[in-house]
Engineer: 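Pasting in a structure now, in structure tokens, and then I'll have a few things to ask.
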Amino acid sequence: MKNKMQAAVVARFGEPLLFEEWDIPVPGPGQVLVRTEACGVCHTDVHAWRGDWPLKPVLPFIPGHEGIGLVVAMGPGVTSVKEGDRVGVPWLYSACGHCEYCLSAWETVCAEAQFGGYTRHGGFAEYILANPDYVARIPAGLIAAEAAPIICAGVTTYKGIKETGAKPGQWIAISGIGGLGHLAIQYAAAMGLYVCAIDPDNAKLAHARRLGASLTINAADRDAVEQVRRGTGGGAHGVLITAPSLVAFKQGVAMTRKLGTCVLVGLPPGEFPTPLFDVVANCITIRGSFVGTRQDMAEALAFAAAGRVKAEIERQPLSAINDVLTRLEQGKVASRVVIDFAGM
Ligand code: NAD
Ligand code: ZN
Ligand code: ZN
């Protein structure tokens, strides 16, 4: 095996990623080495590259948390995976395993959690070190490039939909029909919900209808909230906001039906105003949701393996990563770009 790998590296926030040769990491005790086959590009990679959030990655770092590949080497003591297994290295890279959150299956909020492509090097490289207790098991029959978006965009929206509490036959409003949203529509439809899709881009709304949305509303319409409230007979029972835009959060709360739940998933930096009287008087729940647990991951992947949900992907080589991040920031990616390492 060679000992150098190609990696796309953030050396300074907001500056183009550098293409560098790094040593292929050697797995230590309790670690595995994964040879990357494919890695999706999430809007979170844009926030990481820009240094948007209060907790910033240490420079230099390799982004990417939708990496899928084969286990090619194992450190001492690893028994839970074996060489040749196809795994995903997700955002939830590891957690402590013994705090109150880990013990109650909320490892996603563990204070010691590490994040793939953020506090640990990620999948924009030919090899990734991973923790075998937290890798995603990719079901047979799911190809790497189509599995990639499921391990962040898929699990995040599947979990977020569950967190809305919306039941079959009820309405869910999904704001932001990009990488996350195009999968959210499919999960929601598979879960028996009526979907109202909201985005400022008409092409994305047309796409949403093809994916199963019954109602589509342009977010830029002045009366977008009223249109959703009318179309859903008084507001959506569940609202899922994936848009990386603060305006969408204010709209999303206003689209929520009495007693409904608005789940916040998008992560634009900043704050948004909340109409306190309406939230209180209508008994609305506003809650955050952060990726999903390992069990959510297994369920989200099972939908994909069964063909109930299919990621729509545009393949690009690693050398295109700077262009892809810029397009993503400008809202110019149709669904999900996946970096394909097959040709490297
Ligand atoms: P994306 O760029 O693929 O899609 C965003 C979509 O939002 C685009 O279709 C865009 O047209 C649309 N949009 C922009 N402004 C809007 C508005 N005002 N109203 C409605 N739609 C609007 O991004 P993505 O990869 O789907 O990620 C979306 C956000 O979710 C990012 O902020 C990302 O960091 C966050 N995220 C959060 C989690 C989590 O665990 N909470 C996980 C993954 C991603
Ligand atoms: Zn992501
Ligand atoms: Zn913990």
Engineer: Is the NZ atom of Lys258 crowded by more than 12 outside heavy atoms at less than 6.0 Å?
Structural biologist: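 It does not: Lys258 NZ has 12 such atoms or fewer within range.
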Engineer: When you compare the side chain of Glu66 with that of Pro149, does any pair of heavy atoms fall below 4.5 Å?
Structural biologist: yes
Engineer: Answer yes or no: is there a donor N or O on one side and an acceptor on the other, between the side chain of Glu107 and the main chain of Arg294, under 3.5 Å?
Structural biologist: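 Between the backbone of Arg294 and the side chain of Glu107 there is a qualifying donor-acceptor contact (under 3.5 Å).
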Engineer: Before you tell me yes or no, could you show the steps for Met5 and Glu21 under side-chain contact (heavy atoms from CB on, under 4.5 Å), namely the whole-Å CA-CA distance, both residues' side-chain angles and the distance that decides it to 0.1 Å?
Structural biologist: CA-CA 5 Å; Met5 65 176 190; Glu21 287 228 307; over 6 Å; no
Engineer: Test His121 against every option in Phe115, Trp22, Tyr93, Tyr127 by the ring-ring contact (aromatic ring centres under 6.0 Å, His included) rule and name the one that passes.
Structural biologist: Trp22
Engineer: Taking all heavy atoms of Val265 and all of Ser289, pick out the closest pair and write down the distance.
Structural biologist: CG2-O, 3.9 Å
Engineer: CD1 of Ile138 to CD of Glu146: how many Å apart, nearest 0.5 Å?
Structural biologist: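 Between atom CD1 of Ile138 and atom CD of Glu146 there are 12.0 Å.
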Engineer: Between Arg137 and Ser80, which heavy-atom pair has the shortest distance, and what is it?
Structural biologist: NH2-O, 3.0 Å
Engineer: Does CD in Glu271 sit with more than 12 non-hydrogen atoms of other residues, nucleotides or ligands closer than 6.0 Å?
Structural biologist: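 Atom CD in Glu271 is not crowded, with 12 or fewer foreign heavy atoms closer than 6.0 Å.
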Engineer: Would a single hydrophobic cluster contain both Ile128 and Leu92, if residues Ile, Leu, Val, Met, Phe, Trp and Tyr are joined by side-chain heavy-atom contacts under 4.5 Å?
Structural biologist: no
Engineer: Can you say whether the rings of Trp91 and His65 are parallel (under 30°), tilted (30 to 60°) or perpendicular (over 60°)?
Structural biologist: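 Plane angle over 60°, so perpendicular.
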Engineer: So which atom in Pro57 and which in Ala48 form the shortest heavy-atom distance, rounded to 0.1 Å?
Structural biologist: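 Result for this residue pair: CG-O, 4.2 Å.
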Engineer: Say whether Leu180 and Val291 are linked into one hydrophobic cluster, either directly or through other cluster members, by side-chain heavy-atom distances under 4.5 angstrom.
Structural biologist: no
Engineer: Is there side-chain contact between Asp133 and Ser94, with heavy atoms separated by less than 4.5 Å?
Structural biologist: no
Engineer: Roughly how far, to the nearest 0.5 Å, is the CD1 atom of Ile177 from the CG atom of Asp201?
Structural biologist: 10.5 Å
Engineer: Would you call the rings of Phe13 and Phe61 parallel, tilted or perpendicular, where under 30° means parallel and over 60° means perpendicular?
Structural biologist: tilted
Engineer: I'd like to know if Met74 and Tyr134 are part of one continuous hydrophobic network [Ile/Leu/Val/Met/Phe/Trp/Tyr, side-chain heavy atoms within less than 4.5 Å].
Structural biologist: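 No, because Tyr134 and Met74 fall into different hydrophobic clusters, even though each may have its own neighbours under 4.5 Å.
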Engineer: Evaluate whether atom NZ of Lys250 has more than 12 neighbouring non-hydrogen atoms of other residues, nucleotides or ligands under 6.0 angstrom away.
Structural biologist: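 No, NZ of Lys250 has 12 or fewer neighbouring heavy atoms, counting only those of other groups under 6.0 Å.
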Engineer: Less than 3.5 Å apart, any donor N or O on the side chain of Thr326 or Asp323 sitting next to an acceptor on the other?
Structural biologist: no
Engineer: Shortest non-hydrogen contact from Gly233 to Arg257?
Structural biologist: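 For Gly233 and Arg257, the tightest heavy-atom pair comes out as O-NH2, 3.2 Å.
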Engineer: Look up atom SG in Cys283 and atom CG in Asp278, then write down how far apart they are to the nearest 0.5 Å.
Structural biologist: 12.0 Å
Engineer: To the nearest 0.5 Å, tell me how far Glu163 CD sits from Leu264 CG.
Structural biologist: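 Atom-to-atom, Glu163:CD and Leu264:CG are 11.5 Å apart.
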Engineer: Do Met191 and Tyr158 have side chains that approach each other closer than 4.5 Å (heavy atoms only, starting at C-beta)?
Structural biologist: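 In contact.
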Engineer: Start with the C-alpha distance between Leu59 and Val10, add both sets of side-chain angles, then the distance that settles side-chain contact (heavy atoms from CB on, under 4.5 Å), and finish with yes or no.
Structural biologist: CA-CA 7 Å; Leu59 298 169; Val10 177; 3.9 Å; yes
Engineer: Do Val253 and Ile174 belong together in a cluster built from hydrophobic side chains that touch within less than 4.5 Å?
Structural biologist: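 In one cluster with Val253: Ile174, no.
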Engineer: Can we say Glu312 and Arg210 salt-bridge, meaning some charged N sits less than 4.0 Å from an Asp/Glu carboxylate O?
Structural biologist: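 No.
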Engineer: Apply side-chain contact (heavy atoms from CB on, under 4.5 Å) to Lys4 and Asp23, showing your working.
Structural biologist: CA-CA 5 Å; Lys4 296 279 184 192; Asp23 289 341; 2.6 Å; yes
Engineer: So, for Tyr118 and Trp53, is the gap between ring centers shorter than 6.0 Å?
Structural biologist: yes
Engineer: Is the backbone N or O of Pro200 less than 3.5 Å from a side-chain atom of Asn218, with the two atoms forming a donor-acceptor pair by type?
Structural biologist: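 Yes, Asn218 side chain to Pro200 backbone: donor-acceptor pair under 3.5 Å.
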Engineer: Go through the steps to decide whether Leu129 and Leu33 satisfy the test side-chain contact (heavy atoms from CB on, under 4.5 Å), and finish with yes or no.
Structural biologist: CA-CA 5 Å; Leu129 269 190; Leu33 184 67; 4.2 Å; yes
Engineer: When rounded to the nearest 0.5 angstrom, what is the spacing between CG in Leu142 and CG in Leu301?
Structural biologist: 6.5 Å
Engineer: Given side chains that start at C-beta, do those of Cys42 and Arg336 come closer than 4.5 Å, heavy atoms only?
Structural biologist: yes
Engineer: With a 4.5 Å cut-off on side-chain heavy atoms, are His207 and His182 touching?
Structural biologist: yes
Engineer: When hydrophobic residues are tied together by side-chain contacts of less than 4.5 Å, even through go-betweens, does Leu183 share a cluster with Val46?
Structural biologist: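 No, Leu183 and Val46 fall in different hydrophobic clusters.
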Engineer: If every non-hydrogen atom of Thr216 is compared with every non-hydrogen atom of Ala208, which pair is closest and at what distance?
Structural biologist: CG2-CB, 4.1 Å
Engineer: Does a salt bridge link Asp199 with Lys204, judged by any charged N lying under 4.0 Å from a carboxylate O?
Structural biologist: no
Engineer: Could you grab the distance from atom CD1 of Ile241 to atom CD of Gln251, nearest 0.5 Å is fine?
Structural biologist: 9.0 Å
Engineer: So, for Ala213 and Ala197, which heavy atoms are closest and what is the spacing to 0.1 Å?
Structural biologist: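 Scanning both residues completely, I find the closest heavy atoms to be CB-CB, 4.0 Å.
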Engineer: Are the side chain of Thr242 and the backbone of Ser175 linked by a donor-acceptor contact shorter than 3.5 Å?
Structural biologist: yes
Engineer: Is it the case that the side chain of Thr164 and the backbone of Ile161 share a donor-acceptor pair, with hydrogens and angles ignored and the cut-off at 3.5 Å?
Structural biologist: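 Yes, because the side chain of Thr164 sits within donor-acceptor range (under 3.5 Å) of the backbone of Ile161.
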Engineer: Do Ile68 and Thr36 touch side chain to side chain, with heavy atoms closer than 4.5 Å?
Structural biologist: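 Heavy-atom side-chain distance check fails, nothing below 4.5 Å.
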Engineer: With distance as the sole test, does Arg229 use its side chain to make a donor-acceptor pair with the main-chain N or O of Ala254 at under 3.5 Å?
Structural biologist: yes
Engineer: State whether Lys2 and Glu126 are salt-bridged, where the test is any N-O pair (Lys NZ or Arg NE/NH1/NH2 against Asp/Glu carboxylate O) under 4.0 Å.
Structural biologist: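 Yes, this pair counts.
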Engineer: What orientation do Tyr194 and Trp171 show, parallel under 30°, tilted 30 to 60°, or perpendicular over 60°?
Structural biologist: tilted
Engineer: Is a side-chain donor or acceptor of Asp296 paired with a backbone partner of Val155 at a separation under 3.5 angstrom?
Structural biologist: no
Engineer: Ignoring hydrogens and geometry, is there a side-chain-to-backbone donor-acceptor pair from Asn282 to Ile284 under 3.5 Å?
Structural biologist: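 Side chain of Asn282 to backbone of Ile284: no pair is present.
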Engineer: Taking the side chain as every heavy atom from C-beta outward, state whether Leu103 and Tyr101 have any pair of such atoms under 4.5 Å apart.
Structural biologist: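 Not in contact.
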Engineer: Can you tell if the side chain of Phe249 reaches within under 4.5 Å of the side chain of Thr274, non-hydrogen atoms only?
Structural biologist: no
